[in-house]
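What follows is a single structure, written as structure tokens, with notes after it.
Only heavy atoms go into these numbers, but all of them, side chains included; no hydrogens, no water, no symmetry mates. So that the names make sense, note that chain A is the first sequence line, chain B the second, and so on, each numbered from 1.
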2 protein chains.
Amino acid sequence: MPITLKDIARRTGYSVSTISRVLNGVGENYRISAKTRLMIERIANEMNYQPNQVARGLRLKKTHAIGLVIPDISNPFFAHVSRSIQIGMYESGYILIVCNTDENQETEIEQIQLLRNKGVDGFIIMPVGLKSQHISELVESKVPVVLLDRCFDDISTNSVLVDNYNGSMKAVEYLLESGHRRIAVIQGLTKTSTNDQRIKGYLDAHKKYKVDVDKNLIVGKDYRRENGYIETKYLLNMKNPPSVIYSTSDLITLGVLDAVFEEKLRIPDDISLVSFDDIDYAPYLISPLTAVRQPWEIMGEIAVKLLLQEIKSSGQMEKSRIELKPTLNIRKSVKKLGNP
Amino acid sequence: MPITLKDIARRTGYSVSTISRVLNGVGENYRISAKTRLMIERIANEMNYQPNQVARGLRLKKTHAIGLVIPDISNPFFAHVSRSIQIGMYESGYILIVCNTDENQETEIEQIQLLRNKGVDGFIIMPVGLKSQHISELVESKVPVVLLDRCFDDISTNSVLVDNYNGSMKAVEYLLESGHRRIAVIQGLTKTSTNDQRIKGYLDAHKKYKVDVDKNLIVGKDYRRENGYIETKYLLNMKNPPSVIYSTSDLITLGVLDAVFEEKLRIPDDISLVSFDDIDYAPYLISPLTAVRQPWEIMGEIAVKLLLQEIKSSGQMEKSRIELKPTLNIRKSVKKLGNP
DNA sequence: TGAAATTGCGAAAACGATTGTGCTAATTAT
DNA sequence: ATAATTAGCACAATCGTTTTCGCAATTTCA
């Protein structure tokens, strides 16, 4: 049985309220004498008193817990961001309740509701991105929220993301400059801001270079490894296959590699590859992977900062949307073609 | 303002206790008439009542939250296990409070205490492994605990781990059979069960093959990438360098790769490499990596199962220690040497 | 018809903390 | 000497649930 204030009260002879005040350091305000204070503190220590945070949460309507909602913790991008968030939040005295939505919109809605009932003080959400109403309800209820990675244009929230449009554009421009003309792209979840921006970048880069886009080269529908595998199999077996595959996320890239190796093709000799999301192992892949890197740690740290501010200002803060620049790490997975 | 039982009571004219009983589905036991039940349920739905889990947690002394304590969520091994645990727990109605200890023993102790105060119903802990007293205190207090990955022999807890000894032995035997005689090993955190078993496997494999061990080839001290980097730099520049480096974890392997590439060496021509912990990208590394694979998902699922049982039996269950077999995935990072 | 049984529900005490208000004794002021 | 302060603390309400106990009204039974 854990020690409660009542136990200390019995032991010391003082009342529960006095104990509470002393242990909260507001004894002086209530004119608790120094002698009493010291004695209470000593006994509390002796008994190793640990405040029950559930009770405190009920009374104060603050749990010092925040909900972290992510699609998939085993995805390196999310894992790194999560770590950064965890550390920042813990330093500020918050703990993290982590939920995986598995890229399922309904699961996300359900989990957010559950977390609200648990009384979390705020949310950092990397949304699936298909629906936004449940999130705008949060915002309207003045629940502190920060969106990460994907965002919505129709609701005003704090959000942290990378400039997906420009990152994608840079990557595709690089491909075009390298002489590629048939550039396949494997999309992530369509109808999400992130994906649409990346595709827009892809299209606009083509436009800028006055290269026509073959719509058949725009494939894929979600962020799973299988999506990468299936679409790559399809692309590689086209009558007129692409010379390069642009994968829009690290898990997709893994599927692409599965298929490329199954087909016994070599990168970049037989097929070039570029990826949005740079993983730790990218430099050491069989063909060091050219990839767009998102600043993980920074994204996490900024999200933490925004959320803490939002909590402090209790929803009165004006929302900020922070967009970070991704960088293109050029390695060796893209073949230079002679100007065609 | 969220709706409370009191609000529904006012609206319906019934008492808080009646509302509570009806919404908990035990109305019949208390002879609440069908008419009343239906009416209360209807109104509760209309008002979109969501029970306050903090209050419920206080009253029931059950939060339906469990603490997941891991060294580092950005490590792929831990990330995969965590995902598996998250999914299993969520299915059973539990949410996860996740803490990163950063391989710091004191942080771990602190976080476990914090989680207890938060009233978690149980723990799944992947301990740092240097101290065990705080964990045995948990067990003595009948708090449900499952240890994962690393464990302690001196306390009796549920634990799930791989057979590190045999996994390590298999890997080193393979190296010896491949003709290697100077096998360097980069350790993880020393004095932890996991590491010590792996080193024991390393030593016993040598013994079995009657090969003397050069103690200078046993290096390293923790699981960080930097450790892999530094020790590899050291090993590669010895007067009599090893022909193969055995890295005991994926993060270390990353550091090894950093150093090997910096030295412009080729794998396996100039230096062979084998790793404990198989990562998703292993087959696609510049030299497809030979590695010991731990069954992530299964480890997570078993941990969940054990914890749920332990919670149900409220600490009366006999503890089980479940050891899984790792497998050696042989790829191409180890050079075959002619029998020396 | 009166006692016993049943129906249908409410009051109130927890759970463990925080906090506004109030009360008594000692001290100070007048 | 009496009134006014002040020091030092306790009471009790509160947060939103759950649950034990019980009570009045109705029905059943003899």
Side-chain angles (χ1 to χ4, degrees), chain A residues 1-41 43-44 47-65 93 113-114 116-121, chain B residues 1-41 43-44 47-65 114 116-121:
Chain A
M1 277 297 96
I3 306 300
T4 72
L5 287 184
K6 213 192 245 174
D7 297 326
I8 305 185
R10 254 195 298 271
R11 213 11 223 289
T12 59
Y14 291 101
S15 76
V16 169
S17 27
T18 298
I19 312 289
S20 169
R21 291 196 246 252
V22 169
L23 296 182
N24 280 306
V26 294
E28 298 198 78
N29 308 3
Y30 291 87
R31 299 185 302 263
I32 314 288
S33 74
K35 189 164 50 159
T36 309
R37 286 209 307 273
L38 289 173
M39 125 98 144
I40 290 178
E41 276 158 6
I43 301 271
M47 302 177 76
N48 189 27
Y49 169 72
Q50 300 287 345
N52 179 322
Q53 300 293 349
V54 179
R56 191 176 257 175
L58 176 59
R59 177 63 227 242
L60 298 181
K61 292 178 171 303
K62 292 233 161 293
T63 53
H64 274 243
Q113 182 60 53
L114 182 61
R116 283 192 77 173
N117 300 348
K118 292 272 177 197
V120 296
D121 294 344
Chain B
M1 276 299 96
I3 306 300
T4 71
L5 288 183
K6 213 192 243 174
D7 297 325
I8 305 184
R10 253 195 299 269
R11 229 341 241 292
T12 59
Y14 290 101
S15 75
V16 169
S17 18
T18 298
I19 313 287
S20 169
R21 291 195 250 252
V22 169
L23 296 183
N24 280 307
V26 294
E28 299 199 78
N29 308 2
Y30 291 88
R31 300 185 301 265
I32 313 288
S33 75
K35 190 164 49 156
T36 309
R37 285 209 308 274
L38 289 173
M39 126 98 143
I40 289 179
E41 277 158 5
I43 301 270
M47 302 177 76
N48 188 29
Y49 169 71
Q50 301 286 346
N52 179 323
Q53 301 291 349
V54 179
R56 191 176 256 174
L58 176 59
R59 178 63 227 240
L60 298 180
K61 292 177 169 302
K62 291 232 162 295
T63 53
H64 274 244
L114 181 60
R116 284 191 77 172
N117 299 348
K118 292 273 176 195
V120 296
D121 294 344

Separation of [N] [atom2] from [X] [atom1] (nearest whole Å):
| X | N | atom1 | atom2 | value |
| --- | --- | --- | --- | --- |
| A/I8 | C/dG16 | CD1 | P | 13 Å |
| A/K61 | D/dT17 | NZ | C1' | 12 Å |
| A/R37 | D/dA7 | CZ | P | 13 Å |
| A/I19 | C/dA17 | CD1 | P | 11 Å |
| B/R56 | D/dC15 | CZ | C1' | 16 Å |
| A/R31 | C/dT27 | CZ | C1' | 13 Å |
| A/L58 | D/dA13 | CG | P | 17 Å |
| A/L23 | C/dT19 | CG | P | 13 Å |

Classify the side chain of B/R21 and the base of C/dG8 as holding, or not holding, a donor-acceptor pair under 3.5 Å.
->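 Flag unset: no donor-acceptor pair detected.
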Please determine if a side-chain N or O atom of [X] lies less than 4.0 Å away from the OP1 or OP2 oxygen of [N].
| X | N | result |
| --- | --- | --- |
| A/K6 | C/dC15 | yes |
| B/T18 | C/dC9 | no |
| B/T4 | D/dG16 | no |
| B/T36 | C/dC9 | yes |
| A/Y30 | C/dT21 | no |
| A/S33 | D/dC9 | yes |

Verdict with reasoning, B/I40 to B/I43, per side-chain contact (heavy atoms from CB on, under 4.5 Å) | CA-CA 5 Å; B/I40 289 179; B/I43 301 270; 6.0 Å; no
Checking all strands, does [X] fall into the base, sugar-phosphate, or nothing category for heavy-atom contacts under 4.0 angstrom?
| X | result |
| --- | --- |
| B/G27 | nothing |
| A/L60 | sugar-phosphate |
| A/G13 | sugar-phosphate |

Heavy-atom count around A/Q113 CD within 6.0 Å, excluding the residue itself: above 12?
->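 More than 12 within 6.0 Å, yes.
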Crowded around B/Q50 CD? As in, over 12 foreign heavy atoms under 6.0 Å?
->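 Yes.
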How long is the span from the [atom1] atom in [X] to the [atom2] atom in [Y], to the nearest 0.5 Å?
| X | Y | atom1 | atom2 | answer |
| --- | --- | --- | --- | --- |
| A/T18 | A/I32 | OG1 | CD1 | 4.5 Å |
| B/R31 | B/R21 | CZ | CZ | 10.0 Å |
| B/E41 | B/T12 | CD | OG1 | 12.0 Å |

Give the C-alpha distance, both sets of side-chain angles, the deciding distance and a yes or no for side-chain contact (heavy atoms from CB on, under 4.5 Å) between A/I3 and A/N48.
-> CA-CA 8 Å; A/I3 306 300; A/N48 189 27; 5.9 Å; no
Difference in axis direction between the ends of the helix from C/dT1-D/dA30 to C/dT30-D/dA1, five pairs, 10° =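 Taking the rotation axis at each end, their angle is 60°.
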Does the pair A/N52 and A/R56 meet the rule for a side-chain contact (heavy atoms from CB on, under 4.5 Å), with working shown?
-> CA-CA 6 Å; A/N52 179 322; A/R56 191 176 257 175; over 6 Å; no
All salt bridge (charged side-chain N to carboxylate O under 4.0 Å, His left out) counterparts of B/D121, not counting sequence neighbours |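 B/D121 satisfies salt bridge (charged side-chain N to carboxylate O under 4.0 Å, His left out) with no residue once adjacent residues are dropped.
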Among D/dC15, D/dA7, C/dA11, the nucleotide that comes nearest once only the side chain of B/S15 is considered =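 Closest of the options to the side chain of B/S15: C/dA11.
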Which nucleotide in the set C/dC9, D/dT17, C/dT18 lies at the smallest distance from any side-chain heavy atom of B/V16?
->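 Within the option list, the nearest is D/dT17.
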Any donor-acceptor pair under 3.5 Å linking the side chain of A/D7 with the backbone of A/T4?
->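 Yes, the answer is positive, given that a donor and an acceptor are paired below the 3.5 Å cut-off.
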Going through the checks in order, is the side-chain contact (heavy atoms from CB on, under 4.5 Å) test met by B/H64 and A/K118?
-> CA-CA 10 Å; B/H64 274 244; A/K118 292 272 177 197; 3.8 Å; yes
DNA chain C: 5'-proximal contact among A/I3 and B/S17 (nearest heavy atom) =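 By nearest-heavy-atom nucleotide position, the 5'-most residue is B/S17.
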Does anything in residues 47-55 of chain A reach DNA chain C, meaning a heavy atom under 4.0 Å, and if so which residues?
->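 Only A/Y49, A/P51, A/N52, A/A55 qualify.
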